[in-house]
2 protein chains.
Amino acid sequence: MTRTTQQREVIAMVIDEAEGPLTVPEILSRAQQTLPRLGIATVYRTLKLLTEQHQIQAVAVDGESHYERTGQGHHHHFACGQCGRVFTLHICPVDLPTGTVFAGGFEVERHEVTLYGTCPDCRVQRN
Amino acid sequence: MTRTTQQREVIAMVIDEAEGPLTVPEILSRAQQTLPRLGIATVYRTLKLLTEQHQIQAVAVDGESHYERTGQGHHHHFACGQCGRVFTLHICPVDLPTGTVFAGGFEVERHEVTLYGTCPDCRVQRN
DNA sequence: TTACATGCAAAACTTTTGCGGCGGC
DNA sequence: GCCGCCGCAAAAGTTTTGCATGTAA
């Protein structure tokens, strides 16, 4: 059976408390602030486990996998070109119910929208 | 100066003739049907060159980089969950002009939409 | 106490770089 | 003929796996 360990609790907490989906290096360094000896292999193993349990899911932003917790409802992402951070946005600019069939016979199950631009923090600094 | 070589012509042609953006292994194997001794290092070097020249661009689908030619106008992508292929769709379900500012101060420069579902070929086979 | 999980290190895989030789111009 | 480009192989970077030890239950 799977056990509750400090490492798994800390990694899950880091993802839970993030402002958006995190990359593997981000998860590692944030978790190491609590558990300095945490190894990257444990991070990969835990991400795989949590993904299989549907506690988290991977999303691709700018070609890199980021991890976020599931059950946040329908949402999308905003990637800041200045600081590189990715934020979760609870808005949806698309109206595409599951089952929509496009011209040519493409049947849509789900959609992902990623917005690219400048985040509030970086906009302030620019002015 | 940069030269016109068989390798570069074949790689550019493969990307040009594709039904959608291709991964590195896809580009390599399609190009090798014309140039069997083509090496993967040449593919990476050519992709980098063509990207710098803005002849092609990278897009992330399902966490992997795919390459497509530029100048196709505003478009999005459809990834088939059955066969794994990615198609280019010349439709846009989003209305987000550059400069739109979202609640919280997120300033949008561009957006990417990826639809996931079943492509026409795979739908036919399912029935 | 007994497995499962961890940390470390090695392996597997992906992408980049160095180098001698080929080929576009 | 010159010099940029190629293929190959080695290096660098990323993700996975093996193994001895630690630790949750």
Side-chain angles (χ1 to χ4, degrees), chain A residues 1-16 18 21-69 79 84-86, chain B residues 1-16 18 21-69 79 84-86:
Chain A
M1 267 298 90
T2 74
R3 292 177 183 173
T4 304
T5 65
Q6 278 192 69
Q7 288 84 346
R8 290 179 183 172
E9 289 185 322
V10 170
I11 291 169
M13 197 189 68
V14 163
I15 295 171
D16 240 51
L22 302 177
T23 62
V24 170
E26 284 169 344
I27 293 165
L28 178 65
S29 68
R30 293 186 192 196
Q32 281 181 333
Q33 299 190 1
T34 308
L35 296 172
R37 305 196 16 108
L38 177 66
I40 193 158
T42 299
V43 173
Y44 279 107
R45 279 189 281 233
T46 301
L47 292 176
K48 192 178 176 193
L49 178 75
L50 294 175
T51 300
E52 284 165 358
Q53 295 179 343
H54 299 284
Q55 292 188 41
I56 65 171
Q57 61 194 346
V59 293
V61 183
D62 252 343
E64 250 194 319
S65 285
H66 295 239
Y67 295 85
E68 67 185 358
R69 70 170 212 270
R85 284 185 294 171
V86 178
Chain B
M1 267 299 88
T2 73
R3 292 176 181 170
T4 303
T5 64
Q6 276 193 72
Q7 288 82 349
R8 289 179 184 172
E9 289 184 323
V10 170
I11 291 169
M13 195 190 69
V14 163
I15 295 172
D16 240 51
L22 302 177
T23 62
V24 171
E26 284 169 344
I27 293 166
L28 178 66
S29 69
R30 293 186 191 196
Q32 280 180 333
Q33 300 191 0
T34 307
L35 296 172
R37 303 193 22 105
L38 177 66
I40 193 159
T42 299
V43 173
Y44 279 108
R45 279 189 281 234
T46 302
L47 292 176
K48 192 179 176 192
L49 178 75
L50 294 176
T51 301
E52 284 165 359
Q53 294 179 342
H54 300 285
Q55 292 190 39
I56 64 170
Q57 61 195 344
V59 294
V61 182
D62 252 344
E64 251 194 317
S65 286
H66 295 239
Y67 295 85
E68 67 185 357
R69 68 171 216 269
R85 284 185 295 170
V86 179

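These numbers were taken from a predicted model, which means no experiment stands behind them. Lettering follows sequence order; numbering is per chain, from 1.
The residue among B/A41 and A/I40 whose nearest nucleotide of DNA chain D lies closer to the 5′ end is B/A41.
Distance CD (A/Q6) to P (D/dT23): 9 Å, rounded to an integer number of Å. Protein atom CD of A/Q7 is 11 Å distant from nucleotide atom P of C/dC8, rounded to whole Å. One can place OH of B/Y67 at 8 Å from P of C/dT15, the figure rounded to the nearest angstrom.
Taking side-chain N and O atoms only, A/R8 has no distance below 4.0 Å to OP1 or OP2 of D/dA24. Between C/dG7 and A/T42, a contact under 4.0 Å exists linking OP1 or OP2 to a side-chain N or O. Using a 4.0 Å cut-off, no side-chain N or O of A/T2 falls inside it from OP1 or OP2 of C/dC4.
A donor-acceptor contact under 3.5 Å links the side chain of A/R3 to the base of C/dC4. Not a single donor-acceptor contact under 3.5 angstrom links the side-chain atoms of A/R37 to the base of C/dG7. In the interface, the side chain of B/R45 is paired with the base of C/dG18 through a donor and an acceptor atom under 3.5 Å apart.
Nearest to the side chain of B/T5, among D/dC5, C/dA5, C/dC25, sits D/dC5.
Contact check for A/R8 versus A/L49: side-chain heavy atoms found under the 4.5 Å cut-off.
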